[in-house]
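Each remark here refers to the structure printed beneath this line.
Note that this is a predicted model, so its numbers are computed, not measured. Residue numbers count from 1 along this sequence.
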Amino acid sequence: MANKTIMLGNEAIARGAFEAGVKLSSAYPGTPSTEISEYLAKYDEIYTEWAPNEKVAAEVAIGASISGVRSMACMKHVGLNVASDPLYTFAYTGVNGGSVLVVADDPGLASSQNEQDTRMIGRSAHVPVLEPSDSQEAKDFMKYAYELSEKYDTPVILRTTTKLAHSQSTVELCDRVEVADKPYERTVPKYVMMPASAIGRHLVVEDREKRMAADAATFPVNRVEMGDKKIGFITCGIAYQYVKEVCPDASVLKLGLVNPLSREMIENFVKEVETVYVFEELEPVIEEQIRAWGLDVKGKECFTRQGEYSANLLRRVLFGKDDAVFEKQEAPNRPPILCPGCPHRSIFSVLNKLKIHASGDIGCYTLGAVAPLGVIDTTICMGASISALHGMEKAKGKDYIKNWVAVIGDSTFLHTGINSLINMVYNKSTGTVMILDNRTTGMTGHQDHAATGKTLKGEETYAIDLAALCRSVGVPNVIEINAFDVKGLEQVIRESVASDTLTVIITKSPCVLLKGQKFPNKCVVDAELCRKCGACMRIGCPAMTKGEDGKVRIDATMCNGCGLCQNYCKFNAIKVVER
C-alpha cells in the first residue's frame, strides 16, 4: 500500500506510530498534543489509554518497552515536567523495545501557562530529540525514532509545536510493519537503578551520546541544501518552512536531530557560507552550542526568544518590512469567556457575591480570573490550587483563609490534586477545596478520565467516585451539590470557609458541550418586568446583552436554559420556558 492524503501533524504522528509497529501508547491530554492519542485510538493494533498524569503515562510506556514491545507516551511541554522524573532514569536504563516520548511545545502560549523548550530537557537528560517540519516528516521521523531508539538503546523525544501539530500537509501512507517483540532478560545492572547500577549506566549514556553525535552527519533527518553561499540558515522544525518561503535560494542546514548536534556538519556548513543565521523558536539551544565551538553565527540578537516565529518575522529582520500580501491585520478583540450555561459560571458567581478568593488550577475555570466574575487569584500548574491554599494557611494561619477556597476540576484533581489533598489531610489543614466536576477534561476537548466511566477507546469501565476517594484519604467533610443550586452553594461555602474543618465541596454538573447533552428549555426576558438593573448581566453569560433601551436580551440560539440568570433577577423578569 502506498497512497497520499492530507494530514494534520498530530494525525501524521499517530500514523507514524502505527506504521512503526507500536503496540502501546499512554498519554494525558494537553493542547497541542491531545489529538495524537485520539487518532491512535482508531488503530485496533495499538493499545491506547488516558493515564491520570504524564508521569504515569511515561512509566507505562517504560514498562512496555522493558517487556520488549515498541511503546510511546504523549504529552504537552509542561507535562514533560511531570514526566521528567522517570525520563531522566529511563535515559540510564535504556530500552528493550523502542520507546518514544512525543512532546508538544507551545510557542506563543496558545493554551499554556508558560513557554518552555523541550530541547533543553532532552539535552539535560541526555536523550536524543527529533523535530519534524511538516506532516510527512512527522510520520517519517516517528518511524525513524524507533530505529534510533533500538540501535542506540535509548528513549527518544519527538518534539513538535503548536503550528506543526495543527497544520496540514501531504503525507504518503505505508503499510504497518509488525515488529517482533524483543525477548526480556532479567538484567539488574541495566534496569534496577540503585546507585551501584546507575554509576555504570551513566558512563553508558555518555558514550551513547558521543556515538550519536559522531554518527549524526549520516542521519537522513539532517541535510544540507546548498544554495547562495552569501547567506545561510541553520534551522529546524516549523521554522524551516519560513526560511524556505522567505529565502528560497539561501543555503540551509536543516537539522532533524536537534540533540545531540552533529559538530561535523555544522562546522563544514559554517565554513562554506559567508553569513549564517541560526533560526530557531524559543531558546537558543542550537545557537549556544555552536557558539561554544567558537563558530561565528547570528541568532537571538536578531530574533526573539518569545512566541511563534513567522515568515514575516524573518522578512522584518532581513529586509526591514513585511510582505504586504500577508501583512497582519488587526482583529477585533475577542477575550476568552466561559460558554453559555457553563456550570463553572454558577460557582464563580456565588464566590464573587461572597467576595471569596480562589486559588485556581489548570483548566477552563482559569477564565474565572477575568471580569465580570473575577474570583480566580492564582494559576500555577496542575494540582497547585490545593497545595497553594495549604501553604497560605500554614504561612498565615487559619483566619487568613476564611475568605479563600481552592478550585480544581475533576480531571486535574485526579492528575495531581489528590496528592495535594492528601498533604492537607496529613498536615492538618482546615481549608475548603472545591472540585468542579463537569464529567470531562474540558479545556483540551472533552477527553474521558478515570472518573467518567469511559476509556480512550470508548469502552465502559469503572468510574472513580470522587466523594468516596476524598473520604478514603481522610477528609472529614465531603459535600456533593448541583453546580446550579445557587442558594445551596452559598450556604455550604459560607459554612465551610467559616469552619475549622477540612471540607471538600464537589459541584456536579456536566459540561454543556458534552455529546448527548439536550437542552429542552431556554430563558426569556419579560421586557415589561425588566428594571434595567443589570444584576443578571454580572454573571457574564455571552448569551445576554443589553439593548439600546437598557433592557436585557437573551439570544435563544446561545442559551441552553440553565436558569442561572433567573436566580439573580429580583423582579421575576426572566423565565425558563420550553423551546
Assess, by modelled atom type and distance only, whether the side chains of Asp500 and Thr430 contain a donor and an acceptor separated by less than 3.5 Å.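 There is no such pair between these side chains.
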Under a plain distance cut-off of 3.5 Å, with no hydrogens placed, do His449 and Asp410 share a side-chain donor-acceptor pair?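 Their side chains do contain a donor-acceptor pair, which is all the 3.5 Å distance test asks for.
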Quick test of your reading of the model: are [X] and [Y] salt-bridged, counting only N-O distances below 4.0 Å?
{"X": "Glu393", "Y": "Lys398", "value": "no"}
{"X": "Glu11", "Y": "Arg15", "value": "no"}
{"X": "Lys551", "Y": "Glu528", "value": "no"}
{"X": "Lys522", "Y": "Asp555", "value": "no"}
{"X": "Lys532", "Y": "Asp549", "value": "no"}
{"X": "Glu280", "Y": "Arg119", "value": "yes"}

Crowding at NZ, Lys353 (>12 non-hydrogen neighbours, <6.0 Å): no
When you look at NZ of Lys300, are more than 12 heavy atoms from neighbouring residues, nucleotides or ligands closer to it than 6.0 Å? yes
Taking the six-membered ring for Trp, are Tyr309 and Tyr242 ring centroids under 6.0 Å apart?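 Ring centroids of Tyr309 and Tyr242 are no less than 6.0 Å from each other.
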Nearest heavy-atom neighbours spanning Met142 and Val102: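 Nearest pair, atom of Met142 first, then Val102: CE-CG2, 3.6 Å.
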Rounded to the nearest 0.5 Å, what separation is found between the OG atom of Ser509 and the CG atom of Asn482?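 One gets 4.0 Å once the value is rounded to the nearest 0.5 Å.
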Find the distance between CD1 (Ile408) and CD1 (Ile418) and round it off to the nearest 0.5 Å. 9.5 Å
Sorted by first residue and then second, give each ring pair (Phe, Tyr, Trp, His ring centres under 6.0 Å) pair with at least one member in residues 412-441; sequence neighbours left out. Tyr28-His415
Quick one: ring pair (Phe, Tyr, Trp, His ring centres under 6.0 Å) pairs with a partner in residues 335-372, sequence neighbours left out?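 Every pair satisfying ring pair (Phe, Tyr, Trp, His ring centres under 6.0 Å) with a residue in residues 335-372: His344-Tyr365, His357-Trp404.
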For Ser111, give me all partners under side chain to side chain donor-acceptor pair (under 3.5 Å), at least two apart in sequence or on another chain.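 None.
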